[in-house]
Structures are given as C-alpha cells and as structure tokens.
Amino acid sequence: MGLRGRGADLVTGMAAATILPVSLVIVSDFEPGAKSWVDEDTCLRSFLADSGGLPSDVVIAASAQFQDSAVPDWSGLPVPVSVVFVDSQESAQIKNGATAHVRENYVAVVEADCLCAPGWLGALYGAMIAQPDLDAVSGLTFYEPTSALRRVSSLFDRGFMLDRTTDGRVVHVSNNGALYRKDVLLRFPYAPDPSPFVSAHRRQNAMRDAGVRFGLVTQAAQFHAFGGWPFIVDVRRNKGFQDAVMHPPSARAPRSLSRRIGWYLRRFGKNILSDYRLLRRAFGVYCKPHDLPLAVLYPFIVRPIETRGAMLALRGHAALPDTAYR
C-alpha cells in the first residue's frame, strides 16, 4: 500500500521552520521481499518540508527482518534521524519498540504509508498546548480525494473519527497518525496480537476506560495510501475479523453454522445502521454532492466482504491468513 508516485508536490525542499518539542516516529510499512525505503523517505521529507513546524528528532522504526537492507543516508538533515529495528513483524509491536528511542515528552506516531498535509504537526501540537487536559490528538484521515470511490471509502473507513460522546468528548485517537504525551504511550502499549485491527481496538478501549482524553483537529489532514478495490477488500476482511473478535456471540451459544450465521446477520444489521448514521453526520466532510448515490450503495457493497474475516474469527483463527496488514 505504498506512496510511490504520490506526494511529490509535498516534497519540494527542506523548510526553514520552527522546531517543535515533538519527537516523530515513522513506522515502516511491511514490504514483501527487498526493502525499498521509498515510503519512509517520502514521509520523512514531507515533514521536513513543512514550514508549520518541524519535529525535534525523528525515529524510523522497522522490523528487524530488514536490518541488512540498504538504509538511505539521512544524515545532514535539519533534525537528527535514527533508525531502530524491532524484533517483530507486527506494526503494533514496532510502534511499542520505537517509544524508548524518542527524546521529547510529546511524540507523534505516524505510519509510513500516510502523508500529512502541511501544518499537521503544528496544529496537533498547538491543540495540546491550548488544552492541557488532552493526552492524545489526531486530525482527520482521507484517501486522496481524486475520485468518488476514494471519497466515499474515506467516509466509511475513516469518518468514525468524528464520533463524540453525548457530552461532546472525542471518542477516538487515530491509529495511523496522532500526537501523544509520551507517558500515555508508555502506559498503554499495544498488546501482542496478530491482527493490528484488534490490537488497536483493544488499546483504544483501554485508554478510554482509563480516562485518557482525546482531541481532534479537523483542519489537520492526513492522506492514507489507497490501492483501489484490492485494498478495500483487504480492509473489509480485517474489519469483519475485528468485529467478530470484539463483539463475539454469547459464550453459551453453540458453535454451529446456523448460530454463526445468525450472529453475522445481527451484526450486519447493526453495522448498516451505523453506516447510515455516519453518512448523515459526515457526508459533507468527506464527499461531494454527486457522490451521494455511491455513498448510499456503498455499505451494501462492502459489508458482505467482511463475512470471510468474521467467520474465520468465529472459527477460532488468530488472524487472517492472506492479508497485507501486519
């Protein structure tokens, strides 16, 4: 799910900007075969070209399986850049391993297959300073809005960030790009889990249950890589798996096929209703008016794709066997 061919307009040279007291962690994305480091380099240079504020140091964290690959020369840049290798292929554990190497008490953690729009880091840091009770802050994530499919997929994959509690508090912090207080990262590491969707969900619940306060800066945009329908299918199978793990049928229910189908139909109905509530709430943020027909149909197109992931989870599988997510 790389950034190759994307973001060239964001990487026009190093910026002369204020250095913020923020450490940046860029989590390397998984690549089968030889490691190219293209996404990591593009992501890094987009931050260093941001006149809205630079991180004081950058840690690029990757799986130890790539330790012998040819790492680019990142010396001579405006801020120090270090590369750390973590003995895991799980992105969640790589994020955990990077925390010990940061310098500052504010830490931005981003995934290498995402590009942040100019001003993203400064806006999130400004929100933390303006609201001292916040422990973690995100912006909004989009797929580059160059087509109706990208915009509608952004709405249903990423629009949950706009959720609020009844008293107006932000419910989520983005797993693919957020600014944290360092002590929060240390207190709430990701638990080991083969599914990054499940580990992120469990960590989110643990933080929220402990009273961690989240913030959202809607003007701060991040653009996640998008691979068309193969990407959508992979995401949705993972979401189905996550849904079954986090909302399993009653332990008293027999593990028969009919029981699994009954559970799935109930979850399908609840999820479709949730999708249409999201459509009403967030359509204008992510989509153009002429995207509405696709947006109305989209839940019925993608929710059935989740079936395979859900059924594998209900049969006791630890993770999806054929996913690009680690």
Do [X] and [Y] have side-chain heavy atoms sitting under 4.5 Å apart?
| X | Y | answer |
| --- | --- | --- |
| I232 | L149 | yes |
| M246 | R202 | yes |
| K95 | V27 | yes |
| Y286 | L278 | no |
| V285 | L140 | yes |
| Q93 | N96 | yes |
| C43 | D113 | no |
| F47 | L54 | no |

Give the ring-plane orientation class for [X] versus [Y], where under 30° counts as parallel, over 60° as perpendicular and anything between as tilted.
| X | Y | answer |
| --- | --- | --- |
| F156 | Y298 | parallel |
| Y325 | F231 | tilted |
| Y276 | F300 | tilted |

- Item | Y190 six-ring face occupied by R203 cation (under 6.0 Å, within 45°) | yes

Will you find, in the side chains of [X] and [Y], an N or O donor that is under 3.5 Å from an N or O acceptor?
| X | Y | value |
| --- | --- | --- |
| N238 | D234 | yes |
| D73 | S75 | yes |
| Q89 | S63 | no |
| S23 | K182 | no |

Assess whether atom [atom1] of [X] is packed by more than 12 heavy atoms of other residues, nucleotides or ligands within 6.0 Å.
| X | atom1 | value |
| --- | --- | --- |
| D183 | CG | yes |
| D133 | CG | yes |
| N205 | CG | yes |

- Pair E40 + K35, salt bridge at N-O below 4.0 Å: yes

- K239 and D243 ion-paired at < 4.0 Å: no

Value rounded to 0.5 Å, distance of [atom1] in [X] from [atom2] in [Y]:
| X | Y | atom1 | atom2 | result |
| --- | --- | --- | --- | --- |
| Y180 | L185 | OH | CG | 6.5 Å |
| S274 | D163 | OG | CG | 7.5 Å |
| L279 | I272 | CG | CD1 | 11.0 Å |
| I305 | R237 | CD1 | CZ | 9.5 Å |
| R181 | L186 | CZ | CG | 13.5 Å |
| R308 | D322 | CZ | CG | 4.5 Å |

State yes or no: do [X] and [Y] share one hydrophobic cluster built from I, L, V, M, F, W and Y residues joined by side-chain heavy-atom distances below 4.5 Å, directly or via other members?
| X | Y | value |
| --- | --- | --- |
| V137 | I26 | yes |
| W74 | V22 | yes |
| Y264 | L320 | no |
| V245 | W263 | no |
| I129 | V217 | yes |

- Going through the checks in order, is the side chain to side chain contact (heavy atoms under 4.5 Å, CB included) test met by L134 and M128? CA-CA 6 Å; L134 294 180; M128 294 277 274; 4.1 Å; yes

- Message: Aromatic contact between F241 and F197, with the criterion being ring centroids under 6.0 Å apart: yes or no?
- Response: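 No, too far apart.
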
- Item | Pair F214 and H172, ring centroids less than 6.0 Å apart | no

Given 3.5 Å as the limit, does a donor-acceptor pair link the side chain of [X] with the main chain of [Y], or not?
| X | Y | result |
| --- | --- | --- |
| S199 | P196 | yes |
| D291 | C287 | no |
| T307 | P304 | yes |
| T165 | R169 | yes |

- Message: For a side chain to side chain contact (heavy atoms under 4.5 Å, CB included) check, start with the C-alpha distance between Q222 and L115, then their side-chain angles and the critical distance, and finish with the verdict.
- Response: CA-CA 6 Å; Q222 186 179 41; L115 287 177; over 6 Å; no

- Message: Would V59 and V107 count as a side chain to side chain contact (heavy atoms under 4.5 Å, CB included) here? Give the steps.
- Response: CA-CA 10 Å; V59 175; V107 183; over 6 Å; no

Mind listing the closest non-hydrogen atom pair of [X] and [Y] along with its distance?
| X | Y | value |
| --- | --- | --- |
| I19 | P78 | CD1-O, 4.5 Å |
| T146 | R150 | OG1-CD, 3.1 Å |
| V110 | C116 | CG1-SG, 4.4 Å |
| I94 | A62 | CG2-N, 3.9 Å |
| A70 | W37 | O-CD1, 3.4 Å |
| A108 | L179 | N-CD1, 3.6 Å |

- Only one of D39, V58, V79 clears side chain to side chain contact (heavy atoms under 4.5 Å, CB included) with L44; which? V58

- Task: Verify salt bridge (charged side-chain N to carboxylate O under 4.0 Å, His left out) between R326 and E90, making sure each step is shown before the conclusion.
- Result: CA-CA 5 Å; R326 300 289 188 273; E90 296 177 19; over 6 Å; no

- F85 vs F66, ring pair (Phe, Tyr, Trp, His ring centres under 6.0 Å): CA-CA, chis, key distance, verdict: CA-CA 8 Å; F85 294 96; F66 301 123; 8.3 Å; no

- Begin from the C-alpha positions of H224 and N176 and carry the test side chain to side chain donor-acceptor pair (under 3.5 Å) through to its verdict. CA-CA 8 Å; H224 194 288; N176 53 268; 5.4 Å; no

- Task: With side chain to side chain donor-acceptor pair (under 3.5 Å) as the test, would you mind laying out the steps for S154 and R158 before giving the verdict?
- Result: CA-CA 5 Å; S154 295; R158 309 291 173 173; over 6 Å; no

- Message: Determine whether H247 and K270 satisfy the following criterion, side chain to side chain contact (heavy atoms under 4.5 Å, CB included), listing intermediate values before the conclusion.
- Response: CA-CA 12 Å; H247 304 97; K270 290 180 180 179; over 6 Å; no

